[in-house]
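The structure appears below as structure tokens.
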Amino acid sequence: MSSRQVKKTIYEIKDSCTIALKNGNARTAAQLFYSYWKEGVAWDNLSKPMQDYLTNSMEKITIGWDAIFKDPIDLDDYRNIRVPTLIISGDRSPSVTRWICLQLIQAIEGADFFPVNGAGHMSPITHADKVNKIILQHIKNNLLRTEARKL
């Protein structure tokens with residue numbers, strides 16, 4: 001997957017959701033959004049309360065996208081990061097988020113990467129125990145490195 005393909009795909013879903021929302025079809029926007037991020041997992045598998053929650057969240061989501069897409073930071077800016085960095089991705093996350101993680105791993109020197117087996121894009125929520133252990137271990141490892149440098 002190339003950077004151009006990722007941008008095109010993300011922009012297409014953003015634009016489709018925004019158009020649906022502007023046309024008064026928040027539910028259609030939510031279905032498009034969900035289908036994109038869950039890569040083909042059926043909307044109908046969601047409970048009605050979750051469908052309603054996503055539908056009611058679409059305006060906020062599209063506003064967030066506008067802010068993200070206007071951010072002038074690009075991948076080269078990440079090459080300047082010189083602090084311990086942890087990148088976590090569920091192994092069932094959408095291909096676009098796995099691709100972004102790969103780009104960040106390659107850009108940030110010394111970044112630690114941990115895939116969370118069986119998890120998707122929302123692994124901090126769905127696999128909180130695993131994710132919290134990974135974060136805690138990352139903090140401990142880097143505190144030890146910091147203390148060792150002081151000696």
Side-chain angles (χ1 to χ4, degrees), residues 1-14 16-18 29-151:
M1 180 175 285
S2 72
S3 175
R4 178 174 285 149
Q5 289 171 312
V6 169
K7 275 187 164 180
K8 181 181 180 207
T9 304
I10 291 173
Y11 277 101
E12 286 173 347
I13 194 66
K14 173 193 166 299
S16 295
C17 289
T18 301
Q31 288 173 315
L32 291 167
F33 175 83
Y34 180 80
S35 295
Y36 176 74
W37 288 108
K38 293 302 280 182
E39 290 193 331
V41 176
W43 169 261
D44 294 337
N45 289 346
L46 283 177
S47 66
K48 174 124 175 49
M50 183 55 74
Q51 288 178 358
D52 292 343
Y53 174 78
L54 286 172
T55 298
N56 294 329
S57 299
M58 287 313 300
E59 186 171 347
K60 180 180 178 248
I61 289 168
T62 57
I63 290 169
W65 269 341
D66 286 340
I68 291 167
F69 284 100
K70 290 176 183 171
D71 191 334
I73 292 175
D74 66 17
L75 190 58
D76 284 333
D77 295 315
Y78 289 92
R79 298 185 201 292
N80 297 319
I81 293 176
R82 298 288 182 255
V83 296
T85 303
L86 175 62
I87 299 169
I88 300 173
S89 177
D91 67 350
R92 294 185 182 168
S93 291
S95 56
V96 67
T97 56
R98 292 191 317 266
W99 180 86
I100 290 168
C101 287
L102 178 62
Q103 300 308 302
L104 291 171
I105 293 162
Q106 293 172 349
I108 302 170
E109 187 177 324
D112 292 326
F113 172 68
F114 286 91
V116 179
N117 294 329
H121 182 62
M122 298 304 292
S123 61
I125 295 169
T126 61
H127 293 71
D129 288 345
K130 288 181 183 180
V131 171
N132 289 340
K133 285 178 185 175
I134 292 167
I135 293 169
L136 183 59
Q137 189 61 52
H138 179 75
I139 291 168
K140 285 179 181 178
N141 290 347
N142 286 289
L143 284 174
L144 291 173
R145 287 182 200 150
T146 301
E147 290 302 316
R149 282 188 213 125
K150 288 180 182 178
L151 297 175

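The analysis underlying the following values was restricted to heavy atoms, covering all of them including side chains, and did not include hydrogens, waters or symmetry mates.
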Let me confirm one number: the [atom1]-[atom2] distance from [X] to [Y], rounded to the nearest 0.5 Å.
X	Y	atom1	atom2	value
Ile87	Leu102	CD1	CG	9.5 Å
Glu109	Arg82	CD	CZ	5.5 Å
Tyr78	Ile108	OH	CD1	7.5 Å
Asn45	Gln51	CG	CD	9.5 Å
Met50	Tyr34	CE	OH	8.5 Å
Asp112	Ile105	CG	CD1	10.0 Å

State which residue, out of Ser57, Cys17, Ser16, fulfils the side-chain contact (heavy atoms from CB on, under 4.5 Å) condition with Phe33. Cys17

How about Tyr11 and Trp65: are their ring centres within less than 6.0 Å of each other? no

Check step by step if salt bridge (charged side-chain N to carboxylate O under 4.0 Å, His left out) holds for Lys133 and Asp129. CA-CA 6 Å; Lys133 285 178 185 175; Asp129 288 345; over 6 Å; no

Taking side chain as C-beta onward, heavy atoms only, is [X] less than 4.5 Å from [Y]?
X	Y	answer
Leu86	Ile139	no
Thr85	Leu104	no
Arg92	His121	no
Phe113	Ile88	no
Ser123	Lys130	no
Lys14	Asp66	yes

Worked check of salt bridge (charged side-chain N to carboxylate O under 4.0 Å, His left out) between Arg98 and Asp91: CA-CA 8 Å; Arg98 292 191 317 266; Asp91 67 350; over 6 Å; no

Using side chain to side chain contact (heavy atoms under 4.5 Å, CB included), reason through Ile134 and His138 one step at a time and then give a plain yes or no. CA-CA 6 Å; Ile134 292 167; His138 179 75; 5.6 Å; no

Please test Asn142 against Val83 for side chain to side chain contact (heavy atoms under 4.5 Å, CB included), starting from the C-alpha separation and ending with a verdict. CA-CA 10 Å; Asn142 286 289; Val83 296; over 6 Å; no

Check whether any side-chain N or O of Ser93 sits under 3.5 Å from a backbone N or O of Gly90 as a donor-acceptor pair, and report yes or no.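 Checked: pair present.
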
For atom CD of Gln106, is the number of surrounding heavy atoms from other residues, nucleotides or ligands below 6.0 Å larger than 12?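 Yes, enclosed.
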
